[in-house]
Amino acid sequence: MALQISKRVCALAKQAQGELWEQFERIDTIAEENTQKVLSAFQKHRVAESYFAGTTGYGYDDLGRDKLDEIYADIFGTEDALVRLQFVNGTHAITCALFGALRPGDVLLSAVGAPYDTLLGAIGVVDKGPGSLKDYGVEYRQVDLVNDAPDLEGLANAVSDPRVRAVLIQRSKGYSTRSSLSVEEIGALCQVVRTHNPSATILVDNCYGEFVETLEPTQVGADLVVGSLIKNPGGGLAPTGGYIAGRHDLVERAAMRLTTPGIGRECGSTLGQNRSLYQGLFLAPHTTAQAIKTAVFAAKMLELLGYKTEPASSAVRHDIIQMIHFGAPEPLQRFVQGIQLGAPVDSYVTPEPWDMPGYDCPVIMAAGAFIQGASIELSCDAPMREPYTAYLQGGLTYESGKAGVMLAVEALLQA
């Protein structure tokens with residue numbers, strides 16, 4: 001049975017794809033360079049079949065797990081890395097990194113406005129339960145954006161306070177309307193921090209941004225990068241987990257927070273999942289490119305229909321997220337439901353807005369994925385609040401991502 005896509009939508013898709021060849025060529029060039037980087041790291045560390053054997057229980061002497069740490073450190077250009085299934089999501093990994101870097105009385109400064117919704121509870125900006133940084137005596141401040149762009153002068157002033165011991169930079173836009181940050185822009189922010197507070201730890205929330213460019217934030221001045229394995233670096237195969245890469249002392253502190261002092265990184269069984277983590281990382285540059293192509297195609301399709309997108313289909317990408325501004329709840333909801341129709345899993349389910357844990361308003365989410373919540377697989381979510389913007393990301397293959405976008409446009413036009 002063929003997908004139910006009208007001739008009108010097929011013609012629109014053909015037009016959109018025909019106008020994107022320069023973008024696709026640029027994306028493929030980046031994927032090729034990043035693939036060579038990953039392959040070089042695998043060869044340098046002599047990856048062998050024996051690395052794929054998992055451990056149980058405490059997980060002592062897991063050679064595959066420990067070697068994967070070294071490979072991540074190589075790829076991200078850092079002293080050390082911690083790659084663990086025990087991180088339940090990106091927010092958990094970021095929280096461990098922050099607790100490792102900060103002590104009571106310190107100040108955490110967010111360099112680009114408020115961070116992603118789920119991190120606000122961990123910081124203590126909103127009360128989501130006990131155990132936040134605020135509960136442990138860490139003060140929070142932020143440098144607000146100016147015209148939706150980083151305020152370098154404001155950052156210079158704010159970071160000059162010697163009590164500021166950590167600076168958080170969120171690479172992706174999250175649920176804000178600003179543009180995602182390029183690695184070059186992150187480097188400029190790092191330079192401001194280094195000039196005015198050399199001892200402050202710079203931590204980058206790297207979620208959605210890995211392998212989108214040929215450099216990572218730790219190669220332009222960041223002390224730590226943190227992310228989720230069910231986004232870009234897991235390549236669609238990692239079943240769960242997160243990573244932290246950066247300075248050795250900061251990675252060690254984060255490991256003690258993940259487990260407990262005295263144990264740190266020495267424990268943590270891999271339960272037979274090492275092969276998926278290795279293979280997912282090997283595929284990650286290509287899979288990320290597929291997701292970016294899907295995002296660019298979606299932007300072009302919606303632009304042809306008159307909708308505003310951010311970034312535009314012609315823009316150079318810095319993460320895999322595509323914003324589509326609908327301006328009203330009804331078309332937003334129809335589009336998200338259409339994305340669900342294009343899923344390989346649970347395509348028959350109709351998404352509805354609900355009070356999702358960690359968010360301050362109802363959220364609608366299309367996520368028919370092989371790995372629950374995997375943002376590298378085609379998904380679309382949106383907070384049901386003005387300006388009623390959908391956030392599309394993922395696509396394990398461009399072909400399947402394209403089909404999902406076409407079905408979403410079909411749902412939008414039929415209504």
Side-chain angles (χ1 to χ4, degrees), residues 86-145 151 154-155 158-159 161 163-178 200-208 224 226-228 230-231 240-242 244 250 253-254 256-261 321 329 352-365 367 372-373 375 381-389 391:
Q86 286 74 24
F87 287 121
V88 301
N89 54 24
T91 299
H92 182 200
I94 296 165
T95 300
C96 287
L98 289 174
F99 268 101
L102 292 159
R103 296 293 179 269
D106 289 347
V107 173
L108 168 64
L109 178 68
S110 177
V112 285
Y116 191 67
D117 297 46
T118 56
L119 199 56
L120 297 177
I123 294 170
V125 177
V126 295
D127 185 5
K128 295 293 184 180
S132 68
L133 286 166
K134 182 179 178 181
D135 285 350
Y136 283 84
V138 174
E139 185 181 337
Y140 170 76
R141 301 172 190 169
Q142 68 185 45
V143 180
D144 290 324
L145 303 171
D151 179 5
L155 176 60
V159 81
D161 184 342
R163 290 182 57 216
V164 174
R165 302 299 298 166
V167 177
L168 174 65
I169 301 172
Q170 182 175 294
R171 181 172 179 174
S172 80
K173 58 181 65 67
Y175 278 160
S176 71
T177 55
R178 69 166 172 87
T201 295
I202 303 173
L203 185 153
V204 175
D205 172 358
N206 209 27
C207 288
Y208 304 102
L224 287 175
V226 187
S228 166
I230 63 170
K231 296 182 174 65
T240 187
I244 299 172
L250 295 170
R253 291 182 187 182
M256 297 299 176
R257 177 69 189 189
L258 173 62
T259 59
T260 189
I321 297 175
E352 297 288 347
W354 66 296
D355 293 319
M356 195 171 176
Y359 298 88
D360 62 0
C361 72
V363 173
I364 185 170
M365 178 175 289
Q372 187 184 90
S375 301
D381 47 285
M384 297 303 291
R385 63 190 181 206
E386 293 183 349
Y388 296 104
T389 296
Y391 295 80

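Just the heavy atoms: all of them, side chains too, but no hydrogens, waters or symmetry mates, feed the values below.
- Distance alone, capped at 3.5 Å, places no donor-acceptor pair between the Q142 side chain and the D144 backbone.
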Show your working on side chain to side chain contact (heavy atoms under 4.5 Å, CB included) between L119 and T95 and close with a plain yes or no.
-> CA-CA 8 Å; L119 199 56; T95 300; 3.9 Å; yes
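- Closest of all the heavy-atom pairs between C207 and S228 is SG-N, 3.9 Å.
- R178 places a side-chain N or O within 3.5 Å of a backbone atom of S172 that can act as its donor or acceptor partner.
- Rounded to the nearest 0.5 angstrom, K134 NZ and L108 CG are separated by 13.5 Å.
- Summarising the local packing, CD of E352 is surrounded by more than 12 heavy atoms from other residues, nucleotides or ligands at distances under 6.0 Å.
- Here the CG-OH distance, from L168 to Y140, works out to 7.5 Å after rounding to the nearest 0.5 Å.
- Here the closest non-hydrogen pair linking N206 and R171 is OD1-NH1, 2.7 Å.
- A101 and D106 make their closest contact through O-OD2, 4.4 Å (heavy atoms, listed as atom of the first residue, atom of the second, distance).
- Considering OH of Y116 and OH of Y208, their distance stands at 5.0 Å, rounded to 0.5 Å.
- Evaluated for a side chain to side chain contact (heavy atoms under 4.5 Å, CB included) with L203, the options I94, V167, I169 yield exactly one hit, I94.
- At least one donor-acceptor pair under 3.5 Å links the side chain of R103 to the backbone N or O of G100.
- If you run side chain to side chain contact (heavy atoms under 4.5 Å, CB included) between V226 and each of L98, I244, D205, V204, only I244 comes through.
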